[in-house]
Amino acid sequence: MALTLTREKAQPAIVLRSPGYWQGVLARLSRDRIAMIALIVVALLILMAILAPYLAPDDPTRGSLARRLKPLGTPGHVLGTDELGRDMLSRLIWGARLSLVMGVVPVPVAFVLGSAIGIIAGYAGGLTNSIIMRTVDVFYAFPSVLLAVALSGTLGSGLTNALVSLTVVFIPQIARVAESVTTQVHRLDYVEAARASGAGSLAIVRVHILGNVLAPIFVFSTSLISVSMILAAGLSFLGLGVRPPDAEWGLMLNTLRTAIYINPTIAALPGVMIFITSIAFNLFSDGLRNAMDVKT
Amino acid sequence: MSLDLGGPAQPLLTVQGLVKHFPVKGSGLMRRRVVRAVDGIDFKVKKGETLGVVGESGCGKSTTARLIMKLLDPDSGTVLFDGQKLGHELELSAYRRQVQMVFQDSYASLNPRLTIEESIAFAPRIHGVTARAATERAHALLNRVGLDPGRFAGRYPHELSGGQRQRVNIARALALEPRLVILDEAVSALDKSVEAQVLNLLLDLKDEFGLTYIFISHDLNVVRFLCDRVMVMYLGKAAEIGDTEAIYERPGHPYSKALLASMPKANPAERMDEPPLAGDPPNPIDPPSGCRFHPRCALAEPVCSQSEPPLLQLGGDHEAACLANMSGSGHSLAPSRAP
């Protein structure tokens, strides 16, 4: 047999390549109008956060008691001023920085750790799986808000601690998804065939498991960004995240709540920003799921 | 080509007392119950032959294949490959190179994210072949199974038809230059015309590479066409083993008779209205006492529910496990004690 094979290799084949999976995903995604609009919104928000020093018309921390709670459209303060007379537009622009960091950073970290835990559990199966997943379930049993608040409260307030507690909240959720897809893929014949050909666990996971489980885990994780945004805002609202006078949308919502009867439109503005951002992330992740979820 | 150790007379594969029970999830207070998927089977596969394995769904055919492939660990029993005891004289990794399998579901057995050539080249790469050589081998094999590498090597499994995918699976199984290939319902999901092409391809490849096949199927016509010998399985046990012609012409076990009677007939005059076998196979958690086939057997007598028949020689290689063939068994049809 070896002889036949060596003889036939004389003719080099020009191989036609089919477009890969990710090219197909990109093509389908770019045809999804809503997802593309959501992506543009996300990009604009990120751009706004990066360019905050140039975009903000005023210092976000400089207040004046003389001009507290001015309504929308006040000359010099297009979006009014807050309860300490600080320019709302500037604070919203600067607030995007911390809000996006708190919303976005925990998710990729939890994606890496949660996927690793879930894939190991799903691939190992049996007792290892039970031990890992029941431990994960202990964390999963708590409502995410409660767990985030409890962890933040224990660790103490501050940006880093808030990020850590949000990450811990998301790890079990991602691990559960990762475990279930890995268990499914692990049972398929091509994994059996790879085992039958004598491949070790590492090679099987790298070549046959990762490529087939990362996409669904990734899609699930992107949908967590909007949840993370809201949870982060909640932590800040409770005084467990960012500390004043730093601008962060959740914290702004908290400090402005006293003004809700005096100037409700101003008090609602940070909420509008949180809403737009989380909706944009959510719609984009929906589009991504549709683009990836093609059974062809 | 791997070296032939024991010469042509040595069986390539010897299976002895293979047992696999699966625990059933139930309430913890109850006695641990098990599905007796494979409940003690012995057989040999000769070098260069094709052994067919037939039987109803759930009789343990696929479990047997997975046990031979070491994809499952047997509860007991040994596997000898060319006279070498697996796990003792023969390392598992060396064994893996010599025994490969083709699965029934041609789509599920190919990684959807890998191109065809990557799928075929994977196993040689694992065994230390360079990327270049592995790709060249993949192209040569694609050529051999009738797929133009220029057109197919860079494609993904979903872009191929079922027959093309199964050719790829065959090429993948051959990539390690195995001596034994287990075909688990490998052609059952294909159209009849495609099935015939793939069967002919299998026959050609067998001659060309000196392969030995274990062919698992429920299609008795295909088994007769392809196989030198046949093992009939019933509820995790071998009911009958023998040369294909012997079994098809003179089945020694009532179950084999019923199975053969269930084959579709081309001649309308030979067709029958009565189903040859009534009912479903019994639950393998609680197999019937004595002969496992007795509740459905036309020849059943009280003795059949009491003692379990061993495999008995009927002449030559032909063996069947039925009390009606066993002299002194107490069955009224049993031949009188041998002179």
Over all atoms of both residues, closest heavy-atom pair of A:Ala194 and B:Phe122 | CB-CE2, 3.7 Å
Between B:Pro112 and A:Asn212, what is the shortest heavy-atom contact and its length?
-> CG-OD1, 3.3 Å
Under 4.5 Å from any heavy atom of chain A - which part of [X]:
X: B:Arg125; value: neither
X: B:Leu71; value: both
X: B:Leu92; value: neither

Contact residues of residues 165-193 of chain A (partner chain B; heavy-atom separation under 4.5 angstrom) | A:Leu188, A:Asp189, A:Tyr190, A:Glu192, A:Ala193
Looking at [X], I'd like to know if its [atom1] atom is crowded, meaning that more than 12 non-hydrogen atoms belonging to other residues, nucleotides or ligands lie closer than 6.0 Å.
X: A:Phe275; atom1: CZ; result: no
X: A:Ile34; atom1: CD1; result: no
X: B:Glu91; atom1: CD; result: no
X: B:Arg132; atom1: CZ; result: no

Taking B:Lys70, B:Arg113, B:Arg66, B:Met69 one by one, which has the highest count of heavy-atom pairs under 4.5 Å against chain A?
-> B:Arg113
For chain A, which of B:Asp105, B:Val102, B:Asn111, B:Val99 has the most heavy-atom pairs under 4.5 Å?
-> B:Asn111
Note, B:Glu118 side chain near A:Val207 side chain (heavy atom, < 4.5 Å) = no
Most contact-rich option vs chain B, by heavy-atom pairs under 4.5 angstrom, among A:Ala215, A:Gly200, A:Ala196, A:Ala199, is A:Ala196
Scan B:Met101, B:Arg172, B:Gln100 and name whichever one has a side-chain contact (heavy atoms from CB on, under 4.5 Å) with A:Ser197.
-> B:Gln100
Going from CZ on A:Arg195 to CZ on B:Arg96, what distance comes out if it is rounded to the nearest 0.5 angstrom?
-> 6.5 Å
